[in-house]
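This report refers to the structure that appears directly beneath it.
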Protein chains: 2
Amino acid sequence: MPQPNLQPIEIDYAAEGAANCKALGQILDRVGDKWTIMVVGVLSGGTMRFNALQRAIPGVSHRMLAMTLRGLERDGLVKRTSFATIPPRVDYELTERGHSLHVPLLTLAAWARSQQSGIAASRQQYDVQAEQAD
Amino acid sequence: MPQPNLQPIEIDYAAEGAANCKALGQILDRVGDKWTIMVVGVLSGGTMRFNALQRAIPGVSHRMLAMTLRGLERDGLVKRTSFATIPPRVDYELTERGHSLHVPLLTLAAWARSQQSGIAASRQQYDVQAEQAD
DNA sequence: CGGGATCCTAAGCGATACTG
DNA sequence: CAGTATCGCTTAGGATCCCG
């Protein structure tokens with residue numbers, strides 16, 4: 001970086017916070033889409049076939065399930081095993097890395113549970129105040 | 001549900017996993033958008049004004065920063081304080097709840113750091129193999 | 001300086017139809 | 001049963017302009 005000293009305090013805070021969040025942003029792009037965490041969550045219960053997954057995840061389309069699984073496989077979070085039988089059969093299971101993701105996800109889920117009622121209340125309050133302001 | 005008994009074992013696994021992930025899905029819809037966690041991360045360093053935030057978060061548009069802050073304020077994660085001076089000045093800071101979110105986020109960030117090189121490697125390997133397959 | 005409103009493009013995603 | 005390709009709708013989100 002070619003800038004030696006440039007308001008160290010505010011910039012440092014920002015840079016630090018941004019650095020912390022940058023990696024986070026990357027993985028939220030990965031995990032924060034519509035279906036990925038559902039797939040990880042369901043697969044944490046054990047190996048499943050494609051159609052079983054689709055049945056287990058309400059609302060997911062054939063297409064999106066396939067794309068989500070490709071992405072997870074590409075990142076080494078899910079292992080795909082296909083059997084050349086008729087009819088064909090494909091098993092999906094979490095890899096070691098996939099299981100390791102499940103842990104921080106549960107931490108987040110715990111936070112969600114503990115805060116969801118408070119958040120709902122906050123929203124309601126915010127909305128009525130916004131409504132009064134017109 | 002009008003179907004009484006329908007392969008209890010597989011369904012139970014799925015239902016459990018889905019239940020775990022449902023709350024998670026809610027908060028990822030909240031937190032998993034393009035800018036929210038960046039804002040939370042930067043604000044974890046302390047109170048900031050609107051334009052300081054925009055400078056601290058590379059690439060965020062005026063519009064999206066405003067929307068993100070509105071959302072966070074609505075959920076009680078960020079507190080907004082405006083001063084009726086000229087020029088006007090608005091401070092943003094994390095609330096108690098906002099800070100509490102920062103904790104599980106750091107857990108996720110730690111996972112991201114520990115896995116990002118492995119994921120990158122996995123992607124590269126997957127891509128070359130896909131390339132060979134055409 | 002903070003924050004709307006409007007416009008417009010690109011990306012996400014479901015539906016459908018087709019292959020092995 | 002598993003997977004891909006095409007189509008078309010819907011949305012997210014950047015650019016821009018205006019107002020207090």
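Letters A, B, ... are given to chains in the order of the sequence lines, protein chains preceding strands, and every chain is numbered from 1. Worth knowing before you read on, the calculation uses all heavy atoms, side chains too, and leaves out hydrogens, waters and symmetry mates.
Among the atoms of the strands shown, none is found under 4.0 Å from any heavy atom of A/F83.
Set against C/dG2, C/dC7, C/dC13, the side chain of B/P88 has C/dG2 as its closest nucleotide. Distances were taken from every side-chain heavy atom of B/R63 (C-beta onward) to each of C/dC7, D/dC1, C/dG14; the shortest belongs to C/dC7. When the nucleotides D/dT4, D/dG13, C/dG2 are ranked by their closest atom to the side chain of A/A66, D/dT4 comes out on top. Closest approach to the A/K34 side chain among D/dC1, C/dC13, D/dG13 is made by C/dC13 (side chain taken as heavy atoms from C-beta onward).
Side-chain contact between A/Q54 and A/V60: present, with at least one pair of heavy atoms (C-beta onward) separated by less than 4.5 Å.
Going from atom CD1 of B/I86 over to atom C1' of C/dG2 covers 13 Å, rounded to whole Å. Between the P atom of D/dG14 and the CD1 atom of B/I57 lies a distance of 12 Å, rounded to the nearest Å. At whole-Å resolution of the value, CE in B/M67 and P in D/dG14 are 10 Å apart. If you take CG of A/D29 and C1' of D/dG13, they are 14 Å apart, rounded to a whole angstrom. Between B/D91 atom CG and C/dC1 atom P there is a gap of 14 Å when expressed in whole angstrom units. The distance from atom NE2 of B/H62 to atom P of D/dC19 is 15 Å, rounded to the nearest whole Å. Remark: C1' of D/dA15 and CD of B/Q54 are 13 Å apart, rounded to the nearest angstrom. Rounded to whole Å, the distance from CE on B/M64 to P on D/dG14 is 6 Å.
More than 12 heavy atoms of other residues, nucleotides or ligands lie within 6.0 Å of CD in B/Q116, so this atom counts as buried by the packing criterion.
Nearest-nucleotide positions on DNA chain C for A/V60 and B/P87 put B/P87 closer to the 5' end. The 5' end of DNA chain D is approached more closely, in terms of each residue's nearest nucleotide, by A/S82 than by the other of B/G59 and A/S82.
Considering B/R30, B/R97, B/R70 in turn, B/R30 is the only one that fulfils the side-chain hydrogen bond (donor to acceptor under 3.5 Å, both in side chains) rule with B/D75.
For the residue pair B/Y92 and B/L43, the shortest heavy atom distance occurs at O-CD2, 3.4 Å.
There is a path of hydrophobic side-chain contacts, each under 4.5 Å, that joins A/V90 to A/V40.
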